[in-house]
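In what follows, a structure is listed as structure tokens, so that the remarks can point back to it.
All values reported here derive from a predicted model rather than from experimental measurement.
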Amino acid sequence: MAKPDPQTVAVRSALESDTQHGAVVPPVHLSTNYTFSGFKEKRVYDYSRSGNPTRDALAGALAELEGGAGCVVTASGMAGILLVCQLLDPSDLLIAPHDCYGGSYRLFESLSARGQFRVRFIDQNDSQAVAEALAERPRLVWVETPSNPLLRIVDIAALADAAHAAGALLAADNTFLSPALQTPLALGADIVVHSTTKYLNGHSDVIGGAVISADAEVHGTLADWANTLGLSGGAFDSYLTLRGVRTLFPRMRQHEANANQVAGALIGHPAVQAVYYPGLASHPGHALACRQQRGFGGMVSFEVAGDERALRCVLEGLSLFSLAESLGGVESLVCHPATMTHAAMDPAARRTAGISDRLVRLSLGAEAGEDLVADLLAALDRALAVQARV
Ligand SMILES: *Cc1c(COP(=O)(O)O)cnc(C)c1O
């Protein structure tokens with residue numbers, strides 16, 4: 001049989017693996033420990049921090065979907081990022097994007113402040129800045145594309161080539177697209193990191209992470225560190241996440257269709273100043289996104305034209321978007337980055353990253369697109385009206 005399509009892999013991974021009862025869906029193994037079959041006779045598993053069949057089923061699915069040699073499933077996305085940091089010695093330099101996920105920014109800064117490694121944040125779309133940073137011979141380059149919340153696109157293949165030429169590994173945070181829409185290892189990255197909390201689980205009810213390595217030796221090192229530090233993900237979380245992965249592809253298609261429809265409807269509305277979506281031909285990263293992604297994803301950001309009353313109208317006046325952080329679930333969310341996800345950044349750093357006080361971020365869910373558009377347009381119309389009333 002020909003190699004199955006990734007969508008088929010996502011649906012069928014680990015099905016029919018139960019040899020005891022022939023269960024179609026593998027059972028969840030909650031036991032923390034496993035008997036030795038005799039003196040000096042360890043089975044495959046002994047203790048669930050070190051290894052667990054349910055967690056391994058999820059790891060197998062994610063390694064196959066990302067095209068890696070192995071996957072470590074972690075307790076959160078941040079645990080996965082912390083795990084990758086174990087590859088760095090105190091003298092090593094980490095190059096990270098200046099607009100990376102806030103939690104990653106805080107982790108890199110805090111660990112480097114304690115001397116665990118050195119870090120330098122740069123604008124990865126500035127080729128001069130990239131060349132200067134690589135000239136310092138970093139050990140690891142971190143990339144996050146599309147970025148949060150402005151959905152800037154970075155050329156993974158070009159950065160991987162440049163990083164390798166400088167003797168560095170490239171790690172890509174693939175949370176915003178999932179392996180359904182982007183596979184960084186195929187573009188030359190060495191490591192892929194996920195917050196499975198987002199699209200991979202997809203139902204906003206599990207915190208989890210994953211680290212997939214192209215190289216078996218790197219994977220082995222990371223798996224050992226996960227066990228040593230206790231970063232491994234839980235069995236029930238793994239069970240739920242694998243359940244979510246089975247519907248990843250159809251969910252991503254619906255998220256993207258809704259994002260396309262919403263981005264198109266927002267453009268040209270008088271209460272909208274700018275729309276950021278890589279699927280728009282006007283987006284500066286559009287051509288690159290067409291090359292390196294298999295879709296544009298389900299996140300859209302836009303600037304509200306007007307004052308704070310207009311902004312409040314949009315953030316509080318939606319009935320089909322929950323005002324909440326996070327993303328990637330089947331329910332649509334609206335978020336104000338400046339006071340929510342990016343509140344920890346100081347205002348100057350936010351300005352440098354291009355995050356204005358009028359920026360609104362949407363995570364498009366799996367609802368009917370027409371309903372989402374109607375809800376948004378009604379709120380934007382009210383935002384116009386509230387400002388006309390002086
Ligand atoms: C949410 C997120 C993380 C952190 O993951 P947690 O599961 O919340 O620990 C890392 N990177 C990106 C891009 C994220 O969106």
Side-chain angles (χ1 to χ4, degrees), residues 99 101 144-154 174-178 180-182 198-199 202 204 251-290 293-306 310-311 313-338 340-342 353-381 383:
D99 54 352
Y101 176 72
E144 196 182 308
T145 175
S147 74
N148 177 23
L150 290 170
L151 307 163
R152 295 192 180 104
I153 311 294
V154 174
N174 201 25
T175 299
F176 265 48
L177 288 178
S178 90
L181 300 184
Q182 178 169 270
K198 318 295 165 54
Y199 289 108
S204 309
R251 280 189 287 110
M252 291 313 290
R253 278 196 294 276
Q254 187 62 34
H255 291 308
E256 186 181 353
N258 287 349
N260 258 310
Q261 202 174 340
V262 160
L266 289 175
I267 283 187
H269 191 286
V272 173
Q273 194 160 19
V275 181
Y276 305 98
Y277 184 61
L280 297 171
S282 58
H283 188 281
H286 178 69
L288 179 54
C290 288
Q293 302 175 190
R294 283 184 293 278
F296 302 111
M299 301 296 294
V300 173
S301 293
F302 66 98
E303 313 245 2
V304 173
L311 182 66
C313 242
V314 174
L315 293 169
E316 293 182 348
L318 294 165
S319 54
L320 298 179
F321 292 77
S322 303
L323 180 60
E325 295 181 358
S326 197
L327 60 116
V330 290
E331 73 293 343
S332 288
L333 303 175
V334 60
C335 154
H336 182 238
M340 295 168 69
T341 51
H342 292 67
I355 303 163
S356 87
D357 289 347
R358 295 286 174 272
L359 189 71
V360 172
R361 188 189 81 177
L362 303 175
S363 171
L364 285 312
E367 305 89 342
E370 308 79 73
D371 290 340
L372 300 178
V373 166
D375 193 27
L376 273 166
L377 293 183
L380 288 165
D381 288 346

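Within the 3.5 Å criterion, the main-chain N or O of Tyr199 finds a donor-acceptor partner in the side chain of Arg251.
Considering CD of Gln254 and CE of Met252, their distance stands at 11.5 Å, rounded to 0.5 Å. Atom NZ of Lys198 and atom CG of Leu177 lie 13.0 Å apart (nearest 0.5 Å). If you take CE on Met299 and CZ on Phe176, they are separated by 4.5 Å, rounding to the nearest 0.5 Å. Here the straight-line distance linking atom CD1 of Ile153 with atom CD of Gln293 works out to 4.5 Å at 0.5 Å rounding. Expressed to the nearest 0.5 Å, how far CG of Leu323 lies from CG of Leu333 amounts to 9.0 Å. Atom CE of Met340 sits about 8.0 Å away from atom CG of Leu315, to the nearest 0.5 Å.
A pairwise comparison of heavy atoms in Gly298 and Ala259 identifies CA-CB, 3.8 Å as the closest pair. The two residues Cys335 and Ala324 come nearest to each other via the heavy atoms CB-O, 3.6 Å. Taking all atoms of both residues into account, the shortest heavy-atom contact from Val314 to Ala383 is CG2-CB, 4.2 Å. Shown here for Ser301 and Leu151, the closest heavy-atom pair between the two residues is N-CD1, 4.1 Å. Taking both residues in full, the closest heavy atoms of Gly329 and Ser204 are given as CA-OG, 3.7 Å, listed atom of the first, atom of the second, then distance.
A heavy-atom distance below 4.5 Å is not found between the side chains of Thr341 and Pro149. Looking at Asp357 and Leu311, their side chains never come closer than 4.5 Å, going by heavy atoms from C-beta outward. The shortest distance between side-chain heavy atoms of Leu280 and Phe296 does not fall below 4.5 Å. No side-chain heavy atom of Val154 sits less than 4.5 Å from a side-chain heavy atom of Ser147.
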Any chance you could lay out the side chain to side chain contact (heavy atoms under 4.5 Å, CB included) test for Phe302 and Leu380, step after step, and finish with the verdict? CA-CA 12 Å; Phe302 66 98; Leu380 288 165; 4.2 Å; yes

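Residues meeting the side-chain hydrogen bond (donor to acceptor under 3.5 Å, both in side chains) test with Thr145, sequence neighbours left out: none. For Arg152, the salt bridge (charged side-chain N to carboxylate O under 4.0 Å, His left out) partners two or more places apart in sequence, or in a different chain, are Asp99.
When each of Leu376, Leu362, Leu320 is checked for a side chain to side chain contact (heavy atoms under 4.5 Å, CB included) with Val334, only Leu362 meets the rule.
Counting only residues at least two apart or on different chains, the side-chain hydrogen bond (donor to acceptor under 3.5 Å, both in side chains) pairs with a member in residues 359-369 are Asn148-Arg361, Ser332-Glu367. Counting only residues at least two apart or on different chains, the side-chain hydrogen bond (donor to acceptor under 3.5 Å, both in side chains) pairs with a member in residues 274-286 are Tyr276-Glu303. A side-chain hydrogen bond (donor to acceptor under 3.5 Å, both in side chains) check over residues 313-325, counting only residues at least two apart or in different chains, returns the pairs Arg312-Glu316, Ser319-Asp375.
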Using atom types as modelled, flag every donor-acceptor pair under 3.5 Å from a side chain in residues 262-275 to any protein atom, sequence neighbours excluded.
unit_1: His269; atom_1: ND1; unit_2: Ala271; atom_2: N; d: 2.9
unit_1: His269; atom_1: NE2; unit_2: Asp381; atom_2: OD1; d: 2.8

